[in-house]
Amino acid sequence: MRTGFPLSLPDGWRAMGPTDGVHMAALPGEDGETPKAVVTVGPSDEPAPDGLDAMTLILDEGEVRCRGGVPARRLLTAHPQGERCVTTELWLVAGDAPANLCAVVDTIYYARLRPELQRILRSYRP
Amino acid sequence: MIEISVEVDGEQYRLTVGGAGGLPAPLESLPDAMVPLLLAALVELGPRPTRNPQAVRMAKAGVPTVWVRAGERRWRIAVGEPGGSPTCVLDIVDAADEGLWTLHASPVVPDDETGDLVPGEGTVLRPITSTDVWTWISHHIATCT
């Protein structure tokens with residue numbers, strides 16, 4: 001589904017923004033308040049997202065490709081946020097339209113949402 | 001409530017999660033939701049080279065030195081009911097620059113002379129990514145905490 005958002009979002013996701021050049025979409029949680037996951041698309045010169053600090057574990061990294069073969073560097077991290085554990089997929093897109101794609105998900109939902117998040121991030125189209 | 005057993009290089013740690021007083025003394029103030037991070041830190045989960053998913057390593061049972069090479073670390077995460085047998089087990093050989101491998105029982109082994117696969121009790125190692133391990137932790141542990 002195309003919404004003017006630079007990523008293809010499955011049903012259930014709500015796109016917002018952009019605000020200060022950053023697009024955001026969220027997958028609402030069961031309580032309708034705390035989202036299960038949030039994805040953002042920002043400029044490549046954006047600072048690292050919240051949580052990339054001493055408490056952040058870098059779990060995996062490697063090369064991935066978005067739509068059209070556009071290369072990106074992928075970082076998988078996890079960090080505490082309040083009393084929750086949060087998992088972050090950060091894709092640093094290179095090429096003609098560099099951008100930072102970020103998916104933040106409560107770790108309890110990561111296994112279930114991983115395929116969907118990968119599809120969303122891979123769909124990046126500037 | 002679940003019991004998690006983590007064995008790293010012969011050292012065993014036991015955690016009971018999801019009930020009062022689950023974590024051992026130095027960690028008792030840690031929220032249960034932090035257990036996945038604790039496990040990842042215990043096993044030193046982190047970026048490893050990605051191997052071809054078709055690659056396998058095989059060995060006969062009882063000859064672990066064939067497949068655990070110098071410098072490789074073994075660890076296991078087991079999850080189950082407190083006091084019961086584990087219901088889910090992740091066995092990993094961490095071969096550093098050669099990536100992470102999961103251990104599985106194999107009904108065939110390589111023949112000593114020909115290298116052909118013949119019936120026997122053996123072990124097969126298949127490559128796994130750090131992301132897959134974190135996904136396993138998310139599925140089996142984060143959802144219970």
Side-chain angles (χ1 to χ4, degrees), chain A residues 27 29-31 34-38 48 50-65 71-92 101-122, chain B residues 2 4 6 15 17-18 20 22-23 27-53 75 77 79 88 90 92 94-102 127-145:
Chain A
L27 180 64
E30 272 101 20
D31 62 3
T34 310
K36 290 179 181 170
V38 172
D50 290 346
L52 275 183
D53 55 24
M55 292 295 286
T56 298
L57 283 184
I58 297 178
L59 300 168
D60 205 358
E61 64 177 326
E63 301 297 328
V64 289
R65 289 192 179 273
R73 187 86 184 148
R74 170 181 175 264
L75 276 178
L76 177 71
T77 70
H79 68 275
Q81 191 172 80
E83 296 226 328
R84 297 186 306 149
C85 175
V86 170
T87 298
T88 301
E89 289 256 3
L90 181 61
W91 290 26
L92 309 173
L101 317 181
C102 186
V104 180
V105 56
D106 193 318
T107 299
I108 62 174
Y109 298 120
Y110 181 68
R112 198 186 321 160
L113 291 177
R114 177 184 164 192
E116 187 168 313
L117 293 175
Q118 301 262 325
R119 277 198 301 275
I120 291 172
L121 297 177
R122 201 174 291 127
Chain B
I2 59 169
I4 304 165
V6 186
L15 313 171
V17 180
L23 295 172
L27 304 168
E28 58 197 0
S29 61
L30 198 68
D32 285 348
M34 296 305 129
V35 169
L37 281 172
L38 177 64
L39 295 183
L42 271 177
V43 301
E44 298 178 26
L45 186 63
R48 302 286 190 280
T50 302
R51 297 287 126 196
N52 180 341
W75 46 267
I77 302 175
V79 185
C88 302
L90 182 66
I92 294 287
D94 183 348
D97 290 346
E98 287 296 313
L100 298 173
W101 302 75
T102 50
I128 186 171
T129 66
S130 299
T131 298
D132 292 332
V133 173
W134 185 248
T135 303
W136 190 95
I137 289 173
S138 165
H139 179 69
H140 290 283
I141 293 169
T143 50
C144 302
T145 57

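Side chains included, hydrogens not; waters and symmetry mates left out as well; all remaining heavy atoms used. First the proteins, then the strands, lettered A, B, ... as listed; each starts at 1. Note that this is a predicted model, so its numbers are computed, not measured.
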Say you draw a straight line from CE of B:M34 to CD of A:E83; how long is it, rounded to the nearest 0.5 Å? 7.0 Å
Taking atom CG of A:D31 as the centre, does the number of heavy atoms from other residues, nucleotides or ligands within less than 6.0 Å exceed 12? yes
Pairing residues for B:W136 by the ring-ring contact (aromatic ring centres under 6.0 Å, His included) criterion, not counting sequence neighbours: B:H140
Heavy-atom proximity to chain B below 4.5 Å, by part of A:R114: side chain
Supply the atom-to-atom distance A:E61 CD to B:T50 OG1, rounded to the nearest 0.5 angstrom. 10.0 Å
For A:R122, what residues pass the salt bridge (Lys or Arg N to Asp or Glu O under 4.0 Å) criterion, not counting sequence neighbours? none
Donor-acceptor check, side chain of B:S138 to backbone of A:T107, threshold 3.5 angstrom: yes or no? yes
Please report the interatomic distance CD1(B:I137) to SG(A:C85), rounded to the nearest 0.5 Å. 9.5 Å
Checking side-chain polar atoms at under 3.5 Å, does A:R74 have a donor or acceptor matched by the opposite partner on B:T131? yes
Straight-line distance of A:D60 CG to B:W134 CH2, nearest 0.5 Å: 12.0 Å
Pairwise distance CG(B:L37) to CG(A:L59) - rounded to 0.5 angstrom: 7.5 Å
